[in-house]
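Here is the naming used below: chain letters follow the sequence lines, and residue numbers restart at 1 for every chain. As a basis for the values below, the full set of heavy atoms in this structure was taken, side chains included, without hydrogen atoms, waters or symmetry mates.
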2 protein chains.
Amino acid sequence: MTRIANKIINKENLLSQGVTLLMQQGYHGTGLKEILDAVQIPKGSFYNYFGSKENFAAEVIQHYINPFIDQLNGHLEAPGNNTLSALLCYFNELITELEKADFKGGCLLGNLMGEIGDTSELCKESLQFAVNRYRDLLQAGLLKAQQEGTVRVDKSAEEMADLLVNMWQGALLRMKIEQSSIPLKQCCENLLGDFFKAK
Amino acid sequence: MTRIANKIINKENLLSQGVTLLMQQGYHGTGLKEILDAVQIPKGSFYNYFGSKENFAAEVIQHYINPFIDQLNGHLEAPGNNTLSALLCYFNELITELEKADFKGGCLLGNLMGEIGDTSELCKESLQFAVNRYRDLLQAGLLKAQQEGTVRVDKSAEEMADLLVNMWQGALLRMKIEQSSIPLKQCCENLLGDFFKAK
DNA sequence: CAAAACAAGACAACCGGTCGTATTATCTAG
DNA sequence: CTAGATAATACGACCGGTTGTCTTGTTTTG
């Protein structure tokens, strides 16, 4: 095992553990020691890899969103019925996962937007980038659904994508304190299943 | 000045400063020292008043929501055009205030739901109670608007109130990282100004 | 004067970050 | 191909400062 390969593995482990801990306990609620102990990596190495906790968090954010992009992409590209159904299917998958996790954590992006969205410039930019990537993908899906005639065309796909992202984030917060997936389901039913539908 | 009156003033000052600091820096991001220094109250007194930081935060949450309840109530009871307009007027007032604050802070409830919603049982309950009080008031307004014929009746006032609260929370998060009131305006225009409207 | 309320600061644990040293990889010269 | 120089990485003891909480002595009150 070469040294350089080990570095990549270590960074990957740190980021992965960072996603888990930051999502559940927040930025200030998670100490470096806790992350480092979990993956058995000394502090000096951490600072060699990332330079600072803030910079680490900015990378964690990107590391977090990637799987969601892939998962959504998978549903959008799958040869199924129509794109609107694919979106509904995707969100139902998310809901199932959140139920399985007992509504713990929610969304790292939403949590960090609230906690450090206006105290860390670096993380704010990382959050912006991550949210925009996600929103753009939703927008592409909604645009396709518009062309298929299942989604109304008197509103732009971009605006609807923003509405969906925002209500979903709010629903995740409600989910956390109510320990229930009802807010999530209401979000899908009312937007994708009603408000966005072509007349 | 009696001793008991002073205690009330001190508690009030602590709660008020707590609202400001917890909203901007979060729960774990704000140390007791910072709050105590700001209001010139010794640490011993704090623990005499509140018992613990967690308990303090739970009280801060209630202290935070009260003015919003009052403000919304004011708009709902004012002898204006109709209740739907009153709701729109209320939210526009909020938007103006957030713009004046340069989009800093956002909503204490949303921020804390994300940060400690699933680590502090006590705060979770306090958040639940605060959010429900707010939601119930919105629900009452929407119900009145339904009776006035300006809001659709094929959806329950409760469901619409939940949707409004959730999208508003999500919009506040987006506002924080985009430094823009556009998400907030989109929320109002699309829900109150479109989706909720009677046909 | 007893009991409760209050305030001051001690307290250990922990924070993010630094630094000197040891180890290893890569490059250069002969 | 190798010997030596240089850079990159690994590592954890250690830093000053802060954390939330608790103990203890004082003051106030009924």
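If you measure from atom CG of A/Asn55 to atom P of C/dG16, you get 15 Å, rounded to the nearest angstrom. Look at CZ on A/Phe46: it is 16 Å from P on D/dT9, rounded to the nearest Å. Atom CD of B/Glu34 is separated from atom P of D/dG20 by 10 Å (rounded to the nearest Å). Residue B/Phe50 contributes atom CZ, which lies 12 Å from atom P of C/dC6 at whole-angstrom precision. For A/Lys33 and D/dT19, the NZ to C1' distance is 16 Å, given to the nearest whole Å. Taking atom OH on A/Tyr49 and atom C1' on D/dA8, their separation rounds to 11 Å, with Å as the unit. In this entry the distance linking CG of B/Leu36 with P of C/dG9 reads 14 Å, nearest Å. If you measure from atom CG of A/Leu22 to atom P of C/dG16, you get 11 Å, rounded to the nearest angstrom.
In terms of phosphate contacts, B/Lys53 brings a side-chain nitrogen or oxygen within less than 4.0 Å of OP1 or OP2 of D/dG20.
Contact check on B/Arg152 versus B/Asp154 returns a salt bridge, with a Lys/Arg side-chain nitrogen under 4.0 Å from an Asp/Glu carboxylate oxygen.
Side-chain atoms of B/Lys176 never come within 3.5 Å of backbone atoms of B/Phe103 as a donor-acceptor pair (strictly under, hydrogens ignored).
In this structure, of D/dA10, D/dT21, C/dT18, it is D/dA10 that holds the atom nearest to the side chain of A/Asn48. Checking D/dC11, C/dA7, D/dT19 against every side-chain atom of A/Ser45, the shortest atom distance belongs to D/dC11. Side-chain atoms of A/Leu32 lie closest to C/dG16 of the nucleotides D/dC11, D/dT21, C/dG16. Each of D/dT19, C/dA8, D/dT21 was ranked by its minimum atom distance to the side chain of B/Tyr47; first place goes to D/dT21. Taking the side chain of B/Lys43 as heavy atoms from C-beta on, and the options C/dT18, C/dG9, D/dC22, the nearest nucleotide is C/dG9.
A/Lys155 forms no cation-pi arrangement with A/Phe196, by the criterion of a distance under 6.0 Å to the ring centre and an angle within 45° of the ring axis.
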For this session: Check the pair A/Lys124, A/Glu121 against salt bridge (charged side-chain N to carboxylate O under 4.0 Å, His left out), reporting the backbone distance first and the verdict last.
Result: CA-CA 5 Å; A/Lys124 183 167 86 180; A/Glu121 187 65 29; 3.6 Å; yes

Exercise. Could you go step by step and tell me if B/Ser85 and B/Asn82 meet the side chain to side chain donor-acceptor pair (under 3.5 Å) rule?
Worked result: CA-CA 6 Å; B/Ser85 305; B/Asn82 58 66; 3.0 Å; yes

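If you find the closest nucleotide of DNA chain C to A/Gly44 and to A/Thr30, the one lying nearer the 5' end belongs to A/Thr30.
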